Peer 1: 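Pasting a structure below so you can have a look.
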Amino acid sequence: MLVLDDLAVRYPGEPRPVFAGLTLTAHARLTTGVHAPSGSGKTTLLKTAALLLAPEHGNVTLDGSAVNGAGYAVPRDVRRKVGIVFQSPRSSTDGRLTLRQIICAPLSHDRGRLRPRHKDTAELVAQLTEQVQLSDDLLDRLPHQVSDGQLQRACLARALALDPKVLICDEPTAMLDAPTTAVIMRLLRAHADAGAAVLVASHDLPLLDATCDHAASLAELQSGDEVT
Ligand SMILES: Nc1ncnc2c1ncn2[C@@H]1O[C@H](COP(=O)(O)OP(=O)(O)OP(=O)(O)O)[C@@H](O)[C@H]1O
């Protein structure tokens with residue numbers, strides 16, 4: 001479970017925080033949606049939830065333990081509990097790496113911690129690619145040789161590689177067609193059903209209402225009322 005309590009986040013040199021007084025709980029086994037218009041702070045919120053940005057004020061608690069700082073200041077064992085899928089698969093992948101290398105990237109930092117039921121990386125990659133419905137022949141292609149939807153599925157496989165307890169997705173279906181959107185949202189549901197907390201932000205309120213256990217707007221999260 002991830003708890004964000006009374007958060008304010010301000011970028012260096014900016015006069016005002018992007019948001020303040022924001023409280024949100026992402027529960028295990030549930031998908032939580034955050035709805036907000038473009039430019040209002042969704043990505044900032046999700047980067048804070050993913051322990052990539054430190055709040056100016058407030059507390060981030062993961063599985064009952066307070067998290068201090070952000071990025072490499074956070075111990076690896078804590079960081080690896082959180083996976084993130086960014087809005088743009090093109091800007092969140094290295095164009096020189098094949099899809100297989102992209103999916104394997106978290107494992108190269110975490111060799112000793114492959115998920116227990118997998119004997120080796122190849123077996124895990126095979127399972128992840130099947131899960132996200134990527135065909136084998138795409139794995140040795142570079143990002144410019146696949147579609148946005150295929151690359152976003154590789155990004156989701158990368159985020160799932162360490163079996164994160166908290167999976168965070170920033171507009172994961174932006175630019176995707178309806179069938180690919182349905183695949184991605186079903187995968188997020190399945191990861192929640194397997195025990196994770198899933199936090200999704202989107203400008204698409206009907207999508208969040210249709211696919212999340214509960215959804216709230218960024219404004220509601222700052223209202224001081226408990227959002228359920
Ligand atoms: N690194 C940064 N430095 C200063 N300001 C920033 C930085 N990144 C974002 N901002 C500002 O913070 C505000 C929120 O940006 P953010 O990217 O979180 O919004 P968003 O809701 O995710 O937008 P979109 O849906 O368009 O991606 C915007 O006003 C943006 O200009």
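What you see below is based on every heavy atom in this structure, not just the backbone, and it leaves out hydrogens, waters and symmetry mates. All figures in this text were calculated on a predicted structure; none of them were measured in a lab. Read the numbers this way: they start at 1 and go in the same order the structure lists the ligands and their atoms.
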Peer 1: Is a side-chain N or O of Thr23 found less than 3.5 angstrom from the main chain of Asp6, in a donor-acceptor match?
Peer 2: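 Side chain of Thr23 to backbone of Asp6, a donor-acceptor pair under 3.5 Å: yes, one is there.
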Peer 1: For ligand 1, what are the residues with a heavy-atom contact below 4.0 Å?
Peer 2: Tyr11, Glu14, Val18, Pro37, Ser38, Gly39, Ser40, Gly41, Lys42, Thr43, Thr44, Gln87
Peer 1: May I ask you to decide if Gly21's main-chain N or O and His57's side chain share a donor-acceptor pair within less than 3.5 Å?
Peer 2: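 Flag not set: sc His57 to bb Gly21 has no pair under 3.5 Å.
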Peer 1: If you look only at pairs with a residue in residues 195-208, which of them pass as a side-chain hydrogen bond (donor to acceptor under 3.5 Å, both in side chains), with sequence neighbours excluded?
Peer 2: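 side-chain hydrogen bond (donor to acceptor under 3.5 Å, both in side chains) check on residues 195-208 returns Glu171-Ser202, Glu171-His203.
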Peer 1: Could you tell me whether Asp193 and Arg29 have a side-chain N and a carboxylate O separated by less than 4.0 Å?
Peer 2: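 Answer for the salt bridge query: no.
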Peer 1: Do Asp137 and Ser135 have a side chain donor and acceptor closer than 3.5 Å?
Peer 2: yes
Peer 1: Go through the side-chain N and O atoms of Asp140 and Thr98 and say whether any donor and acceptor fall under 3.5 Å apart.
Peer 2: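 Note: Asp140 and Thr98 side chains miss the donor-acceptor criterion.
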